[in-house]
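Here is the structure we will look at.
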Protein chains: 2
Amino acid sequence: MSDEERNAILGLPCEFIDVAANHDFIRLGENSRHACLVAEGLVGRFAQTAAGARQIFALHIPGDMADLHSLVAPEASTGLQALSRSTMLAVPHAALLPLLDLYPGIGRAFWRDSIVDTSILSTWVLNLGCRSGGARLAHLLCEMAVRYALIGRGRDLRFDLPATQLHLAECTGMTSVHLNRMMMELRGRGLVRTRTPKIEIIDWKGLTELAGFDAGYLCLPSSAAEQVRLALRVR
Amino acid sequence: MSDEERNAILGLPCEFIDVAANHDFIRLGENSRHACLVAEGLVGRFAQTAAGARQIFALHIPGDMADLHSLVAPEASTGLQALSRSTMLAVPHAALLPLLDLYPGIGRAFWRDSIVDTSILSTWVLNLGCRSGGARLAHLLCEMAVRYALIGRGRDLRFDLPATQLHLAECTGMTSVHLNRMMMELRGRGLVRTRTPKIEIIDWKGLTELAGFDAGYLCLPSSAAEQVRLALRVR
DNA sequence: CGCGCAGTTGAGACCTCTCAATGTGAGTGG
DNA sequence: CCACTCACATTGAGAGGTCTCAACTGCGCG
């Protein structure tokens, strides 16, 4: 984006919103009039079956736009839930939409952001469809380690993931009971140490191998990839 | 889109490409220089694990843009495979990109198209994470019935789905053996009649209930929803 | 100090995979 | 027209992964 475009974005009106843990602040089927940027906390995008089973299909950490897509498809049938106490920055669609016509670069950047989300989502599909429970959990931990490192909140493969095991189970398509057993197995194998919400990856190589993790799907520019490597202090 | 924008699109240079069944015409990790519109056949977007397990996470039928996302994120790590003999219409990125700057409406329409793909993908995640094998298959059949009806290729809940059971298994995260058993169960319950590639849904209500299917995620404008109802001759 | 949520544990049922064999139909060459 | 071949669908049996349900533990918070 150009400086002009960047400034247009920074000049946008917005409003801080505080959300309690486990609160669905955008309900399923609700039409949203804002785009939400996560300022603090952890937010999950989810949907659920008629039977009540809930699936989380994206985790948003500080700095993420959680529902940019609502700009062009406000009727989307997914909800947004704070997994821990979170604060959001809500930007009205009414203020954002005109920028899209004025600055093609902004639209393209937003589109690209959606594509990255989709790439992550695709990888989650690959996980759910092709990998065992333990590998799915390991993959999620690898992903979050990299993403937290990227925003400067992970050092030495240690980071806070403010989600309960039930939340993680809803991400990885498992029962919380089974997730617990898988988590214990990762610990038992000496791959991670966890004590909610703290996660510490002890054996990065082992964990990524078990998970089949390759950070490519996060669509990092090569400069960022370098940065992650440094932040993780890996290799 | 305005007429002017529509005309700009129709004036784009393009090239027909014929692809044999089971041919990966965009390999994993390959950088694409074209956007592909499916003209005929069935195309799957896929990725695979290091162990070789393949997951299809989108099916594209005639009229779909199979990899619009490559325009803004050409390095995406997914492949494109023809599931049956297909013909594609390839539009060079070089010709498409300038339009994005000239016509904001085009960019927004493309973005919206990506969002719809993402919405479908989200629903596949919900399927994989929360539903049993039989329900996943039923859901896929419901989705394809609606989508084929929308492009005028489904009448009375009958349509051709030129994919093998192995392909369907790769879509739904099952073994082909298990998919076969689930397919036989759907038949046994009197929900569908199938004989590759023909699919006939006998009991729409029963199938949608088993699947927990709700067409909302396809993001149809209300006019199209009406149209589908007519095409399916349901309700 | 007690309540309640989150994590942990156990046992049995069920779903899905694995591997291997068999059936079936369309196309092909003789 | 028949034998052959190949891809795909179907079947069986046993192993393993995951779920269910129910109980129990540990810890933070009021």
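Each chain gets a letter, A, B and so on, in the order its sequence line appears, and its residues count up from 1.
Between the side chain of D67(A) and the backbone N or O of C36(A) there is at least one donor-acceptor pair closer than 3.5 Å. Counting only distance, with no hydrogens or angles, the side chain of R85(B) and the backbone of L42(B) share no donor-acceptor pair below 3.5 Å.
Distance, L166(B) CG to dT18(C) P: 13 Å, rounded to whole Å. Distance M174(B) CE to dT16(C) P: 8 Å, rounded to the nearest Å. dG17(D) atom C1' lies 10 Å from atom CZ of R136(A), rounded to whole Å. L161(B) places its CG atom 16 Å from the C1' atom of dA9(D), with the value rounded to the nearest Å. Between M183(A) atom CE and dT18(D) atom C1' there is a gap of 17 Å when expressed in whole angstrom units. One interatomic measurement links the two molecules: CD of Q165(B) to P of dA9(D), which rounds to 4 Å at whole-angstrom precision. A straight line from CZ of R195(B) to C1' of dA7(D) spans 15 Å, rounded to a whole angstrom. In this structure, R131(A) atom CZ and dT18(D) atom P are separated by 14 Å, rounded to whole Å.
Residue N180(B) places at least one side-chain N or O under 4.0 Å from the OP1 or OP2 atom of dT10(D). For the OP1/OP2 pair of dA9(D) and a distance below 4.0 Å, the side-chain nitrogens and oxygens of T196(B) include at least one atom meeting the criterion.
At least one side-chain heavy atom of L137(A) sits under 4.5 Å from a side-chain heavy atom of L179(A). Looking at V19(A) and I17(A), their side chains come closer than 4.5 Å, going by heavy atoms from C-beta outward.
Taking the ring centre of F46(A) as origin, the terminal cationic atom of R54(A) falls inside the region bounded by 6.0 Å and 45° from the ring axis.
Contacts of G173(A) with the nucleic acid, taken as non-hydrogen atoms under 4.0 Å apart, involve only primed sugar atoms and P, OP1 or OP2. At a threshold of 4.0 angstrom between heavy atoms, the contacts of T164(A) are confined to the sugar-phosphate backbone, with no base atom among them.
A donor and an acceptor atom sit less than 3.5 Å apart, one in the side chain of R181(A) and one in the base of dG10(C).
You'll find that the side chain of V177(B) is closest to dA20(C), out of dA20(C), dT8(C), dT18(D).
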